[in-house]
Amino acid sequence: MKEGKDTGSLHSGKLRSSFSGKVGYVLAVAGSAVGLGNIWRFPYLAAKYGGGIFLLVYLILMLTFGYALIISETAIGRMTKRSPVGAFGAFGKSFPFRFGGWVNAVIPMLIVPYYSVIGGWVVKYLFEYLRGSTEALAEDDYFSGFISNGVSAEIWFLLFSLMVVAVLFAGVKQGVERVSKVMMPLLVILAVFVAGYSMTRPGAWEGVKYFLIPNLDNFSWMTVVAAMGQMFYSLSIAMGILYTYGSYIKKDVDIEKSTGQVEIFDTAIAMLAGLMIIPAVFAFSGGDPDTLKAGPSLMFITIPKVFASMGFGTGAGIMFFLLVLLAALTSAISLAESGVSTFEDQLGWNRHKATLLMGAIIVLFGSASALGFGVLDFVSVLGMTILDFFDFLTNSLLMPFAALSTCLLITRVIGLDRIAKEIEQSSDFKRKKMYCFFMKFLAPVCIVIILLSSIASVFGWISM
Ligand code: PHE
């Protein structure tokens, strides 16, 4: 493996591989960023937390706070050539450094199990469309019936996990990336088409307005908290991924520009997904507040109704869930890969053993999440189902901590100047002043807000 050749391998082995160049890097980050977060998670949060006002808060946060954090993580990765635990360790060995590195590294390990549960739901829907169950899937209780049947949710989850672990074992990352280069554009085309169809259903226009026009009456603190968590999630920030990816790029990649491109791509897909799903909620249920607040099940409830009302719904369903599955797989693989490389680097294990451990973690936590809607439905953690709890734990508690650790590392230890120098090696850092301001003031304030709000919601002082 020579430096400079696109090996496509993202794990940190003895020889650190690198991306072929700017395009390869942007595509790899976009492939990791675009996943269930955009298509499944963003629309249900937007529907639940105020529509247009959620979108507005999300966009502002992404362009400011998110932008600064992507740049920071990528620059530290490139500077130290290490993934998070090693990168933090490069600056100090005391407890805060170790803690900062590990918080970043543990998050993907906690996300990938429940991510795979949703992945399993996608596989199930794909399978049902292939069997032609288009009408049945569109029935009101189909989804709740499916997830509360513990055995079937568990089996589909295991199937998805098996695909992820199989790819990790085979190490055919390159193949996956090639596939995703073709699939991503296809996903965009299909999304534009479905969104167009969904928006033109009778009654759907109210949904378009709800999603795009901010209404202050719908604002609540949780709008900000949810938007911030979603921003981390969707852009793969605050979970060590971008450190690792940054460590694979060479000094000629314009970090500022590629960050912008990734943000545009990721947001475009999320907005398209919003335009597919939210107008459909209005067309098929008249914007019923209960459906709007359906949460994780929203995509699985509304999209089948859209397809059932189309002439060629079965074909559309197959295409849609196939593409979502591929987007989910590429993201799940990059999440799990990050766990595997942490085990390899930090425990000195070989890839085989590291993959087995990651697989065991997925099966253990994932099964708990999958069964949380069925046989384990009596278990509630802080008033949440197990899956919701993992989502909350990672997005609302751990990621702010991870982001905070990155901010502190930069402002207290590395220094904003050194980060700026790193960026300036490949381009003149146009938004340097803005970046410094965000890192010094905006980011800490945002992080404190999200942490306090999350803690307050745990104690029931504010409601999610
Ligand atoms: N950003 C991905 C999504 O939106 C989730 C993810 C996070 C994937 C981190 C990889 C790494 O679905």
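Order of appearance sets the numbers: ligands from 1, and atoms from 1 within every ligand. No experiment lies behind these values; they were computed from the predicted model shown. Because only heavy atoms are used, hydrogens play no part in the values below, and waters and symmetry mates are left out as well, while side chains stay in.
Below 4.0 Å from some heavy atom of S234 lie the following atoms of ligand 1, by number and element: 1 (N), 4 (O). Within the listing of ligand 1, atoms 4 (O) sit less than 4.0 angstrom from a heavy atom of N38.
From the protein, the heavy atom lying nearest to atom 8 (C) of ligand 1 is S32 O, 3.2 Å. The single protein non-hydrogen atom nearest to atom 5 (C) of ligand 1 is Y233 O, 3.8 Å, given as residue, atom name and distance. When only non-hydrogen protein atoms are considered, atom 9 (C) of ligand 1 lies nearest to M239 SD, 3.1 Å.
Qualifying salt bridge (charged side-chain N to carboxylate O under 4.0 Å, His left out) partners for E154, counting only residues two or more places apart in sequence or in other chains: none.
Side-chain rings of Y125 and F300 approach one another, their centers coming within less than 6.0 Å. Between Y233 and F42, the distance separating the two ring centers is not shorter than 6.0 angstrom. In this structure, F65 has its ring center no closer than 6.0 Å to that of F438.
Between G37 and ligand 1, a contact under 3.5 Å exists for at least one N or O pair. The N/O atoms of S334, backbone and side chain alike, include none that comes under 3.5 Å of an N/O atom in ligand 1. For ligand 1, none of its N or O atoms has an N or O atom of V34 under 3.5 Å away.
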| query | Please walk me through it: do E256 and Y435 pass side chain to side chain donor-acceptor pair (under 3.5 Å)? | reply | CA-CA 11 Å; E256 221 186 346; Y435 169 79; over 6 Å; no
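By the 4.0 Å heavy-atom criterion, Y115 is counted among the residues contacting ligand 1.
Counting heavy atoms only, A33 comes closest to atom 2 (C) of ligand 1 of the residues A332, G240, A238, A33.
Classified by interplanar angle (parallel below 30°, tilted 30° to 60°, perpendicular above 60°), the ring pair F282/Y210 is tilted.
In the model, Y243 has a side-chain atom that pairs as donor or acceptor with a side-chain atom of T406 under 3.5 Å.
Checking side-chain atoms of S198 against main-chain N and O of M276 turns up a donor-acceptor pair under 3.5 Å.
With a heavy-atom cut-off of 4.0 Å, R41 does not touch ligand 1 at all.
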